[in-house]
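Each remark here refers to the structure printed beneath this line.
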Protein chains: 2
Amino acid sequence: MAHDGTAMTGTKVGTDTRARILDTAERLFAETGLAATSLRQITTAAGVNLAAVHYHFGSKDGLVQAVYERHIAPVNRERLRLLDLYEATPSPGAAQLEQLVEALVGPVLRLKKDDPVAARSVRCLIGRIYCEPGDQMKSVLCQFDEIRERFPAAFSRALPHLSRTELLWRVHFMIGATLHTTGARQLLEQVSEGPCDPNNTEETVRQLVHFLCAGLRSASTAAEEV
Amino acid sequence: MAHDGTAMTGTKVGTDTRARILDTAERLFAETGLAATSLRQITTAAGVNLAAVHYHFGSKDGLVQAVYERHIAPVNRERLRLLDLYEATPSPGAAQLEQLVEALVGPVLRLKKDDPVAARSVRCLIGRIYCEPGDQMKSVLCQFDEIRERFPAAFSRALPHLSRTELLWRVHFMIGATLHTTGARQLLEQVSEGPCDPNNTEETVRQLVHFLCAGLRSASTAAEEV
DNA sequence: GGTTCATTCAAACGGTCATTTGTTTGAGAG
DNA sequence: CTCTCAAACAAATGACCGTTTGAATGAACC
């Protein structure tokens, strides 16, 4: 009956159940995957009734969507806020590109940086956005429409030496490196055996922005043929 | 009634069944995901009996492992062959790094380039290696042990200006960009609306190698502080 | 006190799942 | 020809799935 997010009535019991479902689903989805996590696992771990999921979210798909929206919406709002800020008062000289890349990758890498436990789940889920198969992600991906429209345009202005094709390729590579950094953190910890610390958020952002800007800025491959 | 069935009572029935299961599983795993694809879907689509999966592969996990191993093993063999080749006769001057990157990302991007239909499935699956949750991938990931040992060492030799930490970060970013290029091809097609063609394998390799080499070669961030 | 309405709950529904079992088949070996 | 054994088969098992239902709860309002 009340699948929407605004169920703020007088009682506090309702919102508590809703939040516990969201928190638990977020953790289990990250650990086990969307398809492999059953509603029974979620409601048992959360200590709520099975039917509460359908009451609050309508269906399992509705729950998935709610879990993602809770974190993606603020990230994309922050990205656009920074983009607006940097476009209004651009940095002098060459640091403009660094600002744009930072605005794109910073907010997602800094997500939940104060809560390491929740951060692990959220980042794992976000890193899996393009990997989770099926149509379940379509309603999540449309939340990035404005990002996909405004950021490439800004990059194009900052990198006038690139053709549209080259720019789109490099933005694609940039997204890949960022998503992998967001989602496959435990892999890096395990492989680097010490030196690289994905929990050091600012160092991660610094390394990633530096790498991406160098790749983005490099000469046009078409120009090489001249 | 039962003595007839649809048994292709000819010759070499065994290997045919096994191959049909592998081909069909590969396609459905790519389309629907590992957990969400049932053995019944696979065997029905393949036109074989359900029990044949357990006979040939022992379990669903065994089938998953077999599907991956069939393609990953040749890719990694080719990667190491190229690495051996380039280490034996290194290219003159600055093109050495390009050779190394090409040896790492070329074989996976060129996978099944002659069969677009199968290529889509295989690349989608490989792009999902680090995203698929659970322990199912552990037995697949260990196939990369030699890659993870030899390539960073080779990169370190080609990029002596980088500290070990910086090198590992950049290799991590490189893997992310490569996996995203491998797995999220339909996304690029859809977003770029024309200019970028992920089916043009050689152009993809060229763009990716160029981008990655620029990122890898860029100055050490530690050096900037001096 | 009685009514309303959001919320929670236990219990079931029909389906599908992975796996096991026991039998039948067919081709190559002696 | 017979023997053997890998291979394919149908049927059944028990468990788990997402979803629905209808009743119980309990605070808020008249």
Side-chain angles (χ1 to χ4, degrees), chain A residues 1-25 28-29 31-67 132-136 139, chain B residues 1-25 28-29 31-67 132-136 139:
Chain A
M1 183 69 79
H3 300 164
D4 50 19
T6 58
M8 297 292 285
T9 63
T11 62
K12 286 183 181 176
V13 188
T15 63
D16 183 51
T17 297
R18 214 187 113 97
R20 273 223 305 284
I21 293 175
L22 275 177
D23 288 338
T24 312
L28 293 179
F29 282 158
E31 290 172 4
T32 327
L34 264 48
T37 303
S38 71
L39 294 184
R40 284 174 170 83
Q41 286 177 259
I42 296 169
T43 53
T44 300
V48 304
N49 190 270
L50 174 63
V53 172
H54 294 89
Y55 178 79
H56 286 285
F57 304 100
S59 65
K60 188 182 182 181
D61 275 9
L63 174 60
V64 170
Q65 202 168 328
V67 166
E132 281 283 348
D135 302 334
Q136 220 160 23
S139 55
Chain B
M1 167 126 9
H3 61 82
D4 179 15
T6 56
M8 305 270 294
T9 62
T11 56
K12 296 178 184 175
V13 186
T15 61
D16 183 50
T17 297
R18 212 188 117 96
R20 274 222 305 286
I21 293 174
L22 274 177
D23 288 339
T24 311
L28 293 178
F29 281 158
E31 289 171 4
T32 327
L34 265 47
T37 303
S38 71
L39 294 185
R40 280 159 226 274
Q41 286 175 264
I42 295 169
T43 53
T44 300
V48 303
N49 190 271
L50 173 63
V53 173
H54 294 89
Y55 178 81
H56 285 287
F57 304 99
S59 67
K60 189 183 182 182
D61 275 8
L63 173 61
V64 171
Q65 201 168 330
V67 166
E132 282 283 349
D135 302 333
Q136 217 159 28
S139 55

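Basis for what follows: all heavy atoms, side chains included, without hydrogens, waters or symmetry-related copies. Below, chain A is the first sequence line, B the second, and so on; all start at residue 1.
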Inset, instruction - Name the closest nucleotide to the A:A51 side chain, picking from D:dC9, D:dA8, D:dT20. - result: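 Closest nucleotide among those given: D:dT20.
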Inset, instruction - Measure from the side-chain heavy atoms of A:Y55 and tell me the nearest of C:dT7, C:dC9, D:dA8. - result: C:dT7
Legend entry - Nearest-angstrom distance from the residue atom CZ of B:F57 to P of C:dT19: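 From B:F57 CZ to C:dT19 P: 14 Å.
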Inset, instruction - Provide, to the nearest angstrom, the distance between the CG atom belonging to A:D16 and the P atom belonging to C:dT7. - result: 12 Å
Inset, instruction - Could you tell me the separation between the CG atom of A:L22 and the CG atom of A:L63, rounded to the nearest 0.5 Å? - result: 6.5 Å
Legend entry - Nearest-0.5 Å distance that lies between atom CD in A:Q41 and atom OG1 in A:T24: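 Going from CD on A:Q41 over to OG1 on A:T24, the span is 11.5 Å.
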Inset, instruction - Check whether any side-chain nitrogen or oxygen of B:T17 sits under 4.0 Å from OP1 or OP2 of D:dA7, and answer yes or no. - result: no
Inset, instruction - Would you indicate, yes or no, if C:dA10 has its OP1 or OP2 atom less than 4.0 angstrom from a side-chain nitrogen or oxygen of A:N49? - result: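 Yes, because at least one side-chain N or O of A:N49 sits under 4.0 Å from OP1 or OP2 of C:dA10.
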Inset, instruction - State which residues pass side chain to side chain donor-acceptor pair (under 3.5 Å) with A:T44; sequence neighbours excluded, sorted by chain then number. - result: none
Legend entry - Test side chain to side chain donor-acceptor pair (under 3.5 Å) applied to B:D23 - qualifying residues, sequence neighbours left out: B:R70
Inset, instruction - Give every residue pair that meets the salt bridge (charged side-chain N to carboxylate O under 4.0 Å, His left out) criterion with at least one member in residues 31-44 of chain B, sequence neighbours excluded. - result: B:R27-B:E31
Legend entry - Those residues that, when tested against A:D61, pass side-chain contact (heavy atoms from CB on, under 4.5 Å) (two or more places apart):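 Applying side-chain contact (heavy atoms from CB on, under 4.5 Å) to A:D61 gives A:S59, A:Q136.
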Give every pair of a protein N or O atom and an N or O atom of nucleotides 12-18 of chain D that lie under 3.5 Å apart, one pair per line with the distance.
| unit_1 | atom_1 | unit_2 | atom_2 | d |
| --- | --- | --- | --- | --- |
| D:dC17 | OP1 | A:S38 | OG | 2.5 |
| D:dG18 | OP1 | A:K60 | NZ | 2.9 |
| D:dG18 | OP2 | A:L39 | N | 2.9 |
| D:dG18 | N7 | A:R40 | NH1 | 2.6 |
| D:dG18 | O6 | A:R40 | NH2 | 2.6 |

